[in-house]
Chemist: 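Structure incoming, see below.
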Amino acid sequence: MADHALSADEPLRTKDREQRNRLYVRVWLYVVLVVLLALFLVGGATRLTGSGLSITEWKPIHGVIPPLNEAEWQEEFEKYRQIPQYEQINKGMSLGEFQTIFWWEWAHRLLARGVGFLVAIPLAFFWLTGRLESRLKPRLLGLLALGGLQGFIGWWMVASGLSERVSVSQYRLATHLMLACLIFAATMLIARGLAPHSAGPARRETQRFAGWMLVLVFLQIYLGALVAGLHAGMTFNTWPLMDGRLWPDQLVTMQPLWANFFENPKTVQFMHRLGAYIVFAAAAWHAVATWRAEPGSTHARRAIVLFLLVSLQAVIGIVTLLSVVNLHAALTHHGLAIVVLGFAAAHWRGTRGAYPPQTEIAVRT
């Protein structure tokens, strides 16, 4: 009888253990998300202060140690003096001014290295102690691999501004930012998939619309990266009119035609404005449609919060434009974009519900 009671209690103990492991993994991923957000903010500040080219070499290991004495600082400064950005923009800057931009880039690289350890070490622990469900292993390994690739992409981006340009390529900047966004959104999706949800999955139409909202936010951030790479926000600083018109002229002045959408600052800024209007309208429609289809549900409430976040981001974007890219406004706009992305990812995962318990999958098979 005692043996029978023990075996009857085993599924319950297994389920409790699984829920406890999910909690541990979820808390770890939330910590990763917080550090990633900090990395986004420091990266944004690095770009906005023009600091990204201050370290002209890629030293993944040795680069952790900054200059420690006057001679080492002079050596780093001399390397910076050899690139076009110094000659054409910062010629004559003092060592103290160089140190200011150096520390921003150094902090960005240090945080990036720290995220790698923050993912790799707990992942190894959870894996080796049997705390990971089988479905999580390829997902988390994928995150670690993307993080390693991001380090290479970051240097590939910086290298584009060291020989012929005074800033990095907008194409490479956009690639670097979008890969970072992919890592952030994927981390959020996994974390929310492990969380208990207070309601079941939403209607199929709501799930699809929530997924499209995530895609639209991705695309809008990509357009924002092109704006940043071209410094397009420094021009046409009026709203709602642009160059005195709702639909400005001379949007297609480059050949081939496609180049205007990636290299023409006026066209790129206009596309970013259009993207903002589309995301705003889509978020409003999604909130209304979800509330009408599932009134009072947690899915409807999340859709409303998403709309409010998008609205706030639109306001800050306008302030950033009108202020000719004021540092604090622009950094807020940059950081809130990642918050909107993360919430859109969490909302989409919420409409689909949590991952099925591993114990139930085992029973069915």
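Count residues from 1 along the sequence. The structure presented is a predicted model; accordingly, all values stated were derived computationally and were not measured.
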Chemist: Checking the side chain of N237 only, and the main-chain atoms of L321 only, is there a donor and an acceptor separated by less than 3.5 Å?
Modeler: yes
Chemist: Between F280 and F307, how do the two ring planes meet: parallel, tilted or perpendicular, split at 30° and 60°?
Modeler: tilted
Chemist: May I ask you to test the T290-F209 pair for a side-chain heavy-atom distance under 4.5 Å?
Modeler: no
Chemist: Hey, could you give me each pair passing side-chain hydrogen bond (donor to acceptor under 3.5 Å, both in side chains) that has a residue in residues 36-56? Not counting sequence neighbours.
Modeler: T49-S51
Chemist: Can you tell me if OH on Y30 sees more than 12 non-hydrogen neighbours from other groups inside 6.0 Å?
Modeler: yes
Chemist: Taking R203 for the side chain and Q207 for the main chain, is one N or O donor matched with an acceptor at less than 3.5 Å?
Modeler: no
Chemist: Tell me if a side-chain donor or acceptor on R131 pairs with a main-chain N or O of Y24 at a distance below 3.5 Å.
Modeler: no
Chemist: Evaluate the side-chain proximity of L140 to L144: yes if any heavy-atom separation is below 4.5 Å, no if none is.
Modeler: no
Chemist: Looking at L230, is its backbone amide N or carbonyl O close enough to the side chain of Q170 to form a donor-acceptor pair, meaning the two atoms are under 3.5 Å apart?
Modeler: no
Chemist: Can you give me the closest heavy-atom contact between L29 and T187, atom names plus distance?
Modeler: O-CG2, 3.9 Å
Chemist: For L68, I'd like to know if atom CG has over 12 heavy atoms of other residues, nucleotides or ligands within 6.0 Å.
Modeler: yes
Chemist: Heavy atoms only: give me the nearest G342-F184 pair and the separation to one decimal.
Modeler: CA-CE2, 3.6 Å
Chemist: Is the shortest side-chain heavy-atom distance between W247 and M242 below 4.5 Å?
Modeler: no
Chemist: Between Y80 and N90, is there a side-chain heavy-atom distance shorter than 4.5 Å?
Modeler: yes
Chemist: Could you check if a side-chain atom of L123 sits within less than 4.5 angstrom of a side-chain atom of L141, using non-hydrogen atoms only?
Modeler: yes
Chemist: For a quick test of reading the model, state the closest non-hydrogen atom pair linking L39 to L111 and the distance between them.
Modeler: CD1-CB, 3.6 Å
Chemist: Check whether T267 reaches the backbone of E263 with its side chain - one donor and one acceptor, N or O, closer than 3.5 Å.
Modeler: no
Chemist: Starting at OG of S311, measure out to CG of L306 and round the result to the nearest 0.5 Å.
Modeler: 9.0 Å
Chemist: With no hydrogens and no angle check, do the side chains of E78 and Q74 hold a donor and an acceptor under 3.5 Å apart?
Modeler: no
Chemist: Once rounded to the nearest 0.5 Å, what's the spacing between atom CD of Q150 and atom CG of L177?
Modeler: 8.5 Å
Chemist: Taking S169 for its side chain and S160 for its backbone only, find out whether a donor-acceptor pair lies under 3.5 Å.
Modeler: no
Chemist: Heavy-atom distance under 4.5 Å between the side chains of Y277 and L274, does that happen here?
Modeler: yes
Chemist: Please examine the side chains of V35 and V32, heavy atoms only from C-beta on, and report whether any two atoms are closer than 4.5 Å.
Modeler: no
Chemist: Against H347, only a single residue in R192, M213, M188, H286 fulfils side chain to side chain contact (heavy atoms under 4.5 Å, CB included); can you say which?
Modeler: H286
Chemist: Considering all heavy atoms of both residues, which atom of L37 and which atom of G335 are nearest to each other, and what is their separation?
Modeler: CD1-O, 4.2 Å
Chemist: How about W58: does its CH2 atom have over 12 heavy atoms from other parts shown lying under 6.0 Å from it?
Modeler: yes
Chemist: Mark yes or no: R81 above the aromatic ring of F77, with NZ or CZ under 6.0 Å from the six-membered ring centre and no more than 45 degrees from the axis.
Modeler: yes
Chemist: Would you say P67 and F102 make side-chain contact, with heavy atoms under 4.5 Å?
Modeler: yes
Chemist: To the closest 0.5 Å, what do you measure between CH2 (W106) and CD (E76)?
Modeler: 12.5 Å
Chemist: Hey, does the side chain of H333 reach the backbone of I318 with a donor-acceptor pair shorter than 3.5 angstrom?
Modeler: no
Chemist: From L95 CG over to T100 OG1, what is the distance, rounded to the nearest 0.5 angstrom?
Modeler: 9.5 Å
Chemist: Whether the side chain of N260 engages the backbone of T253 through a donor-acceptor N/O pair (distance < 3.5 Å, no angle test) should be reported.
Modeler: yes
Chemist: How close do L118 and W28 get, counting heavy atoms only, and between which atoms?
Modeler: O-NE1, 2.9 Å
Chemist: I'd like to know if the side chain of K266 and the backbone of D249 have a donor-acceptor N/O pair within less than 3.5 Å.
Modeler: yes
Chemist: Please identify each residue that fulfils salt bridge (charged side-chain N to carboxylate O under 4.0 Å, His left out) with R204, with sequence neighbours left out.
Modeler: none
Chemist: Indicate the atoms forming the closest heavy-atom contact of V319 with A329, along with that distance.
Modeler: CG1-CB, 4.2 Å
Chemist: Answer yes or no for R352 and W348: cation-pi contact, defined as NZ/CZ to six-membered ring centre under 6.0 Å and angle to ring axis within 45°.
Modeler: yes
Chemist: Give a yes or no answer on whether the side chain of R172 reaches the backbone of A159 with a donor-acceptor pair at less than 3.5 Å.
Modeler: no
